[in-house]
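Encoded as structure tokens, the structure appears first; notes follow it.
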Amino acid sequence: MRRFIVLNLTLFLVIQLSGQTRYRLSVFGIPCGNVIMTSPQADQLHFSTRSTGIVNLLWPFDNQYTTTFDTITFGIREYRKKIVQGSFKQKFKGIWQPEKGGILYGDTLVIRPANSQTVFTLLALIRKWPADSVDTRWFPLDHEGRLFRARFLLADTVRIPVENKNVLCDYYRLDLIPQEETGKILDRSDYFNQNITRPEAVRQLWVERSGERRIIKARVKLFGITLEAKIEGQ
């Protein structure tokens, strides 16, 4: 059970703000899936995540996530997902309501600041903001109706091999701290959304220090299992 929970924590692991970017997912070094990210427009990101190999036989997933955000604050403006995980299927949507000051999930409105992030918008933000602007700064974060505080902590600067190059990266940890015990809208969610905010999860990112500031590698460790994604050769 824990393995299927971790295997679809894929959305935390990838983001690219232009064109198409591919990442290979692995657990204990064994390939388990792929992610393709596209940017249909400047303020929108679309993720397609799909299982591969033996994972596709045992715990298949084929999920789609789309996020629209403010290009200055990166605050959420719309979030949609379409989930297919084995026999479990789900569609869900949240829309920012500026006149009401909140996010509308179906018939439920949650009051939030206009710059409220999601896990996805935070990843977009970190590619645009330099380390000295984002390090240790707290952001309000809404996660499918539940309020959190989020911050990146800069831990080090390291080089990560990509193809025949060593890419200089800022290495971050992402902390997510719950601010309310209630607010959960869905009785059941996909593995990623159900588990990415767990207090036991260790969330790490390696972001290219210059140039395109791509996310080169990312890792989530939960229940003793490490899921890693690394950018494919560009």
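Owing to the predicted nature of the structure, the values given are computational and were not obtained by experimental measurement.
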Worksheet item: What's the verdict on side-chain hydrogen bond (donor to acceptor under 3.5 Å, both in side chains) for Gln64 and Ser48, showing C-alpha distance, side-chain angles and the deciding distance?
Response: CA-CA 5 Å; Gln64 311 291 322; Ser48 176; 3.3 Å; yes
Discussion item. Between Phe69 and Ile76, is the side-chain contact (heavy atoms from CB on, under 4.5 Å) condition met? List the steps.
Written reply: CA-CA 5 Å; Phe69 52 88; Ile76 181 175; 5.9 Å; no
Worksheet item: What do the steps show when you test Val158 against Trp206 for side-chain contact (heavy atoms from CB on, under 4.5 Å), and what is the final call?
Response: CA-CA 8 Å; Val158 297; Trp206 288 259; 3.5 Å; yes
Item to complete: Dump the intermediate steps for side-chain contact (heavy atoms from CB on, under 4.5 Å) on Val134 and Phe139, then the final yes or no.
Response: CA-CA 10 Å; Val134 73; Phe139 299 91; 4.2 Å; yes
Worksheet entry | Stepwise side-chain contact (heavy atoms from CB on, under 4.5 Å) check, Leu176 with Arg203 | CA-CA 9 Å; Leu176 302 176; Arg203 297 162 286 263; 3.9 Å; yes
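Of all heavy-atom pairs between Ile72 and Asp70, the closest is N-OD1, 2.8 Å. Closest non-hydrogen pair, Arg112 versus Trp96, comes out as O-CH2, 3.4 Å. Nearest heavy atom pair, residue Pro31 against residue Gly29, reads CD-O, 3.6 Å. Minimum heavy-atom separation, Leu141 to Ala150: CD1-CB, 4.0 Å. In terms of heavy atoms, Cys32 sits closest to Val55 at CB-CG2, 3.5 Å. Heavy-atom minimum distance, Ala201 versus Leu222: N-CD1, 3.8 Å.
With hydrogens and angles disregarded, no donor-acceptor distance shorter than 3.5 Å links the side chain of His143 to the backbone of Val119. Within the 3.5 Å criterion, the main-chain N or O of Ser189 finds a donor-acceptor partner in the side chain of Gln194. Looking at Ser51, its side chain does come within 3.5 Å of a backbone N or O of Phe61 through a donor-acceptor pair. With hydrogens and angles disregarded, a donor-acceptor distance shorter than 3.5 Å links the side chain of Thr52 to the backbone of Gly33. Arg213 contributes a side-chain N or O that, together with a main-chain N or O of Ile126, makes up a donor-acceptor pair within less than 3.5 Å. Asn63 places a side-chain N or O within 3.5 Å of a backbone atom of Val84 that can act as its donor or acceptor partner. In terms of modelled atom types and a separation under 3.5 Å, the side chain of Lys230 and the main chain of Pro161 share a donor-acceptor contact. At distances below 3.5 Å, at least one donor-acceptor pair connects side-chain atoms of Asn195 with backbone N or O atoms of Tyr191.
Here Asp43 does not pair with Arg77 in a salt bridge; the nearest charged N to carboxylate O distance is not below 4.0 Å. Contact check on Arg24 versus Glu232 returns a salt bridge, with a Lys/Arg side-chain nitrogen under 4.0 Å from an Asp/Glu carboxylate oxygen. A salt bridge links Arg80 with Glu78: the distance from a Lys NZ or Arg NE/NH1/NH2 to an Asp or Glu carboxylate oxygen falls below 4.0 Å. Salt-bridge check for Arg219 with Glu228: passed, with a basic side-chain N closer than 4.0 Å to an acidic carboxylate O. Checked for salt-bridge contact, Asp175 and Arg173 meet the test: a charged N lies under 4.0 Å from a carboxylate O.
At a cut-off of 3.5 Å, with distance as the only test, no side-chain donor of Thr73 or Asn115 sits close to an acceptor on the other residue. When only modelled atom types and interatomic distance are considered, Thr66 and His46 share a side-chain donor-acceptor pair under 3.5 Å.
Between Phe92 and Tyr105, the two ring planes are parallel [angle under 30°; tilted spans 30° to 60°]. Relative ring orientation between Phe120 and Phe47 is described as tilted, the plane-to-plane angle lying within the 30° to 60° band.
A cation-pi arrangement is present between Arg188 and Phe88 under the rule of less than 6.0 angstrom and at most 45 degrees off the ring axis.
Between the CD atom in Gln97 and the CD1 atom in Ile111 there is a gap of 10.0 Å [rounded to 0.5 Å]. Separating the CG atom in Asp62 from the NZ atom in Lys82 is a distance of 8.5 Å, to the nearest 0.5 Å. Expressed to the nearest 0.5 Å, how far CG of Leu123 lies from CD of Gln117 amounts to 10.0 Å. Between atom CG of residue Leu205 and atom CG of residue Leu154 there is a gap of 11.5 Å, rounded to the nearest 0.5 Å. One distance of note links OH of Tyr171 with CG of Asp156; it measures 8.5 Å at 0.5 Å rounding. Distance check, rounded to the nearest 0.5 Å: CH2 of Trp138 to CZ of Arg149 gives 4.5 Å.
In this structure, the side chains of Leu109 and Lys100 come closer than 4.5 Å at one or more pairs of heavy atoms. In this structure, the side chains of Thr118 and Thr121 come closer than 4.5 Å at one or more pairs of heavy atoms. Side-chain contact between Phe192 and Tyr65 is present, with heavy atoms from C-beta onward closer than 4.5 Å. Looking at heavy atoms from C-beta onward, Lys81 lies in side-chain contact with Gln90 at the 4.5 angstrom threshold. You'll find the side chain of Val162 reaches within 4.5 Å of the side chain of Ile216, heavy atoms only. Inter-residue side-chain proximity for Glu212 and Arg127 is flagged as met; some heavy-atom pair is nearer than 4.5 Å. Using a 4.5 Å cut-off on side-chain heavy atoms (C-beta onward), Phe28 and Ser26 make no contact. Using a 4.5 Å cut-off on side-chain heavy atoms (C-beta onward), Tyr172 and Asp170 make contact.
More than 12 heavy-atom neighbours from other residues, nucleotides or ligands sit within 6.0 angstrom of CZ on Arg151. When the shell of 6.0 Å around CG of Leu57 is examined, it contains more than 12 heavy atoms from other residues, nucleotides or ligands. Heavy atoms of other residues, nucleotides or ligands lying less than 6.0 angstrom from CG of Leu153 number more than 12.
Tyr79 and Ile95 sit in two unconnected hydrophobic clusters of ILVMFWY residues. Membership requires side-chain heavy atoms under 4.5 Å apart, directly or through other members. Ile215 and Trp129 fall within the same hydrophobic cluster, where Ile, Leu, Val, Met, Phe, Trp and Tyr residues are linked whenever their side-chain heavy atoms come under 4.5 Å apart, directly or through other members.
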